[in-house]
Amino acid sequence: MSSFAGRMKEYPTISLDRFDRENLHARAYFLSHCHKDHMKGLKGPILRRKLQFSRTVRLYCSFVTKELLLNNPKYAFWEEYIVALELESPTQISLVDEASGEKEEIVVTLLPAGHCPGSVMFLFEGSQGNVLYTGDFRFAAGDVSRMEHLHSGSRVKDIQTIYLDSTFYDPRFYQIPTREFCLDGISELVRNWISQSAYHVVWLNCKAAYGYEYLFTNLGEEFNTQIHVKSLEMFKKMPEILSYVTTDRRTQIHACRHPKAEEFFQGSRLPCGCTASDGTPLRIISIKPSTMWFGERTRKTNVIIKTGASSFRACFSFHSSYLELKDFLSYLQPFNIYPSVIPLGRTLTEVTQMLMLMCRNQTDQAATVYKPLGALKRCIVKQPTYDSDSDEKLFDGLDIAPVRKKMALNQEIKNVKALQETAPPVPVEESFPLTVTDTQSVSRNYADCTESNDEEEEEEEEEEDKKLSQDEVEMMIKEAENIEVAGSSNPPKWEDFFTTETLPDSQNSLSSQLQSCCSVPSPSPSKMTGSQTPDLFSEEEETPDNDENFSLTLSASLSNHSSQNQDSYFPDTLILHPGQHGDSRINTQEKESNEELSASQASSDFDIPCTPESKMPHPDELSQLYRKLASGEEVVIRKGSQGSM
DNA sequence: GCGATCAGCT
DNA sequence: CACAGCTGATCGC
């Protein structure tokens with residue numbers, strides 16, 4: 001969940017994804033996507049009244065976000081104040097102070113973020129430099145290199161600061177299987193179930209949030225059917241989604257919801273109550289999309305996990321993995337990175353420290369790595385980039401300083417490491433007191449802001465950061481080592497985590513052809529299988545290395561409590577084999593490659609446009625890049641595809 | 001009665 | 001497997 005407080009240090013007169021408290025005074029608003037945790041205050045009466053008296057304040061978002069927002073009556077009053085912007089179309093906006101008439105010009109460009117329908121990043125270009133606010137996003141490795149508006153000619157634009165969706169910026173979330181790969185696993189499971197009879201139905205146990213439409217459209221396309229959902233209203237102007245969803249319950253794939261859906265399912269009922277017309281009981285499996293990650297050292301192999309006799313979890317992520325974020329950041333090399341999310345179990349300090357490694361002047365900092373500890377501490381205090389006067393309260397109750405400002409902490413950790421841990425790690429609270437006493441000027445500018453609340457929150461956060469114990473610092477060191485290990489030897493690759501399956505049929509050759517032309521973005525999720533194919537399915541209790549055979553024997557012993565589950569719907573001998581549906585996949589691929597994609601781009605936002613002069617980085621190049629970044633070397637980019645240091 | 005916040009649940 | 005949001009209890013205005 002985003003804890004971004006709404007304003008960016010560089011352009012403090014605009015607010016993004018937060019609409020309460022000090023954001024009430026913004027000259028312009030931006031909404032990256034239509035998820036509630038990015039809409040706080042958006043229906044507040046104070047803001048509503050302000051709009052009625054304003055002639056210039058507007059809310060900027062994508063067309064799809066506008067449509068989804070206005071579909072909810074609680075936000076309908078925004079209609080006359082929303083300005084929908086085309087994707088990838090730089091737009092100049094005048095930021096006017098209505099009291100003084102003072103004006104600032106800024107150029108904003110919306111970039112598709114791949115998080116949910118309508119989701120965008122905002123690229124701001126103005127007097128304070130280029131700033132990228134990512135909102136929530138999922139980019140695959142290499143996607144960033146195909147974003148035309150992050151380039152100027154053949155060079156990467158100079159990005160001052162990135163406000164980053166850091167949901168999975170943690171080595172625990174090292175890898176998450178690609179969208180296409182997860183979709184393949186889900187398709188496989190669905191196919192094997194619904195092909196058994198017309199009474200075999202699938203319930204996609206999706207949460208009440210936008211973002212699963214990608215799953216619906218792809219399954220709808222693949223099985224030439226529609227997915228049952230509660231309402232079509234919000235998609236009424238989005239034909240490419242609308243054509244794959246229905247309110248007609250007579251379909252084999254459901255994504256309907258009900259407060260007691262889980263109970264219903266245990267009683268062999270769908271959330272919508274649908275039954276077969278002839279009275280034959282439906283045979284239901286549930287598939288719950290969940291984020292599964294593959295840690296650096298954990299060897300997992302499956303994107304489908306069986307959690308009960310007829311229950312499955314399927315890998316599905318709206319956010320970039322650690323590795324994908326590193327790819328993104330190492331390509332753009334901003335000077336500053338602010339995390340907008342602190343992963344569960346992490347502290348701000350930890351995340352900040354890890355993000356430091358990805359900042360552009362990391363190489364300059366590396367020069368002092370081997371200085372003695374004492375001298376280093378003085379360096380910290382005199383960090384030229386540490387500007388305590390300019391601190392702002394960018395996050396709820398958090399004093400988020402620029403990542404660059406805290407690089408010295410990283411130096412200390414490296415230093416400790418260099419001393420081979422003979423000296424005890426420097427306690428963080430000594431070298432970096434995360435005090436907030438000089439950071440409240442912004443809040444105090446506004447009467448609406450409740451200072452007491454702020455201080456309470458800040459104290460809590462301060463307390464949290466002070467809890468960073470010696471043990472935790474050591475843990476951070478180990479993680480820093482992990483990063484360097486990954487760079488100095490061979491970084492783990494996708495294939496390392498998954499079994500390579502050699503298939504006898506034509507599927508393999510098609511796959512390798514698809515992979516060989518991966519420098520061109522696929523018009524829609526490509527159906528890559530074959531040599532990259534891992535086990536798509538597993539039972540929860542499987543042994544880690546139980547991946548030698550794609551066949552699956554499902555034991556009835558897994559049956560649990562429910563009456564439905566006592567009757568295991570998967571026979572023991574059911575074989576799930578990717579080769580059995582090769583033909584249908586080939587057809588799908590051919591059909592998709594011939595389709596125009598402009599329509600689907602409008603609301604799916606999962607297609608990254610092609611930049612003619614860029615190409616997808618080769619894994620070897622990435623590997624080299626990571627190695628250099630980790631060792632603090634200057635990164636020289638080949639063929640002018642990236643800006644200079 | 002409304003909104004904010006939190007625990008609990010998925 | 002940890003995202004996003006609902007429900008219900010509680011509190012304050």
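Note: hydrogens, waters and symmetry copies are ignored here, and every other heavy atom, side chains too, is used. Chain letters run A, B, ... following the sequence lines, proteins first and then strands; every chain starts at 1. It should be emphasised that the depicted structure is a prediction, and the values quoted were computed from it without experimental measurement.
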Enquirer: Lys43(A) NZ to dC2(B) C1': how many Å, rounded?
Expert: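 The distance from NZ of Lys43(A) to C1' of dC2(B) comes to 11 Å, rounded to the nearest Å.
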
Enquirer: If only side-chain N and O atoms of Arg313(A) are considered, is one of them under 4.0 Å from the OP1 or OP2 phosphate oxygen of dA2(C)?
Expert: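 For Arg313(A), the contact criterion (side-chain N or O under 4.0 Å from OP1 or OP2 of dA2(C)) is met.
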
Enquirer: How far apart are the closest heavy atoms of Ile227(A) and Phe216(A), and which atoms are they?
Expert: CD1-O, 3.3 Å

Enquirer: Please tell me if His319(A) has a side-chain N or O lying less than 4.0 Å from either OP1 or OP2 of dA4(C).
Expert: yes

Enquirer: Could you check whether any side-chain heavy atom of Ser317(A) comes within less than 4.5 Å of a side-chain heavy atom of Thr291(A), counting everything from C-beta outward?
Expert: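 Contact flag for Ser317(A)/Thr291(A) side chains = yes.
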
Enquirer: Taking atom C1' of dG3(B) as reference, at what distance in whole Å does atom CZ of Arg49(A) sit?
Expert: 14 Å

Enquirer: Quickly work out the Arg179(A) CZ to dC3(C) C1' distance and round it to whole Å.
Expert: 14 Å

Enquirer: Does CD belonging to Glu79(A) count more than 12 external heavy atoms closer than 6.0 Å?
Expert: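 Incorrect, the count does not exceed 12.
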
Enquirer: Between dT10(B), dA2(C), dA4(C), which nucleotide has the shortest distance from any of its atoms to the side chain of Asp136(A)?
Expert: dA4(C)

Enquirer: Using whole Å, report how far CE of Met292(A) lies from P of dA2(C).
Expert: 9 Å

Enquirer: Which part of the nucleic acid, if any, lies within reach of Phe168(A) when heavy atoms closer than 4.0 Å are counted: base, sugar-phosphate only, or nothing?
Expert: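 The answer is sugar-phosphate, as Phe168(A) gets under 4.0 Å only of primed atoms, P, OP1 or OP2.
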
Enquirer: Side chains of Phe328(A) and Ile162(A): does their closest heavy-atom pair fall under 4.5 Å?
Expert: yes

Enquirer: Walk me through it: do Tyr29(A) and Phe19(A) pass the test ring pair (Phe, Tyr, Trp, His ring centres under 6.0 Å)?
Expert: CA-CA 8 Å; Tyr29(A) 294 102; Phe19(A) 309 91; 5.6 Å; yes

Enquirer: Do the numbers put Arg172(A) on top of the ring of Tyr322(A), so that NZ or CZ is under 6.0 Å from the six-membered ring centre and no more than 45° off the axis?
Expert: no

Enquirer: In whole angstrom, what separates Tyr212(A)'s OH from dC3(C)'s P?
Expert: 11 Å

Enquirer: Give me the atom names and distance for the closest heavy-atom approach of Cys272(A) to Arg249(A).
Expert: O-NH1, 2.7 Å

Enquirer: Along nucleotides 5-13 of chain C, 5' to 3', which nucleotides get a B, which get an S, and which get a -, given that the test is a protein heavy-atom distance under 4.0 Å?
Expert: BS-------

Enquirer: Starting at atom NE2 of His115(A), determine the distance to atom C1' of dA4(C), rounded to an integer number of angstrom.
Expert: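 Rounding to the nearest Å, NE2 of His115(A) and C1' of dA4(C) are 9 Å apart.
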
Enquirer: Does Thr167(A) put a side-chain nitrogen or oxygen below 4.0 Å from OP1 or OP2 of dA2(C)?
Expert: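 For dA2(C), neither OP1 nor OP2 has a side-chain N or O of Thr167(A) closer than 4.0 Å.
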
Enquirer: Should Lys40(A) be listed as having a side-chain N or O under 4.0 Å from OP1 or OP2 of dA4(C)?
Expert: no

Enquirer: Starting at CZ of Phe294(A) and ending at C1' of dA2(C), how long is that distance when rounded to a whole Å?
Expert: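 Between C1' of dA2(C) and CZ of Phe294(A): 15 Å.
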
Enquirer: In this structure, how many angstroms lie between the P atom of dA4(C) and the CG atom of Leu204(A), rounded?
Expert: 18 Å

